[in-house]
> 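Once you've had a glance at the structure underneath, I'll fire off some questions.
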Amino acid sequence: MPATPPAPGDGLVRVGAIVFVVGAVATLVTVAPLFLGTEPFPPVAYAVCMLMGVGFLIAAAGVLRSIGAQRRQARSAQ
């Protein structure tokens with residue numbers, strides 16, 4: 001079975017997903033002390049949680065890039 005070449009934007013979606021997961025794990029780790037009654041993490045840990053939103057934006061940019069490439073390909077086929 002031949003491998004299909006990656007479409008434009010696939011790399012951005014993968015990177016965005018990885019960054020999102022890192023941010024989600026950081027969010028879970030940062031919130032855990034609130035439930036466990038331990039000392040909260042320093043403010044830098046809360047800044048890492050923002051990676052969740054950054055990852056979402058990166059993945060969205062990859063999807064938009066893929067949509068644009070598919071539209072250009074459809075127009076050239078007509």
> Looking at L12 and G62, what are the two nearest heavy atoms and their distance?
CB-CA, 3.6 Å
> V29: what forms a side chain to side chain contact (heavy atoms under 4.5 Å, CB included) with it, not counting sequence neighbours?
V25, F41
> Using links of under 4.5 Å between side-chain heavy atoms of ILVMFWY residues, direct or through other members, which residues join M50 in one cluster?
none
> List, by chain and then residue number, the residues other than F20 in its hydrophobic cluster (Ile/Leu/Val/Met/Phe/Trp/Tyr, side-chain heavy atoms under 4.5 Å); write none if there are no others.
M52, F56
> For a quick test of reading the model, state the closest non-hydrogen atom pair linking L51 to V19 and the distance between them.
O-CG1, 3.4 Å
> State, to 0.1 Å, how close P33 and E39 come at their nearest heavy-atom pair, and which atoms those are.
CB-O, 3.7 Å
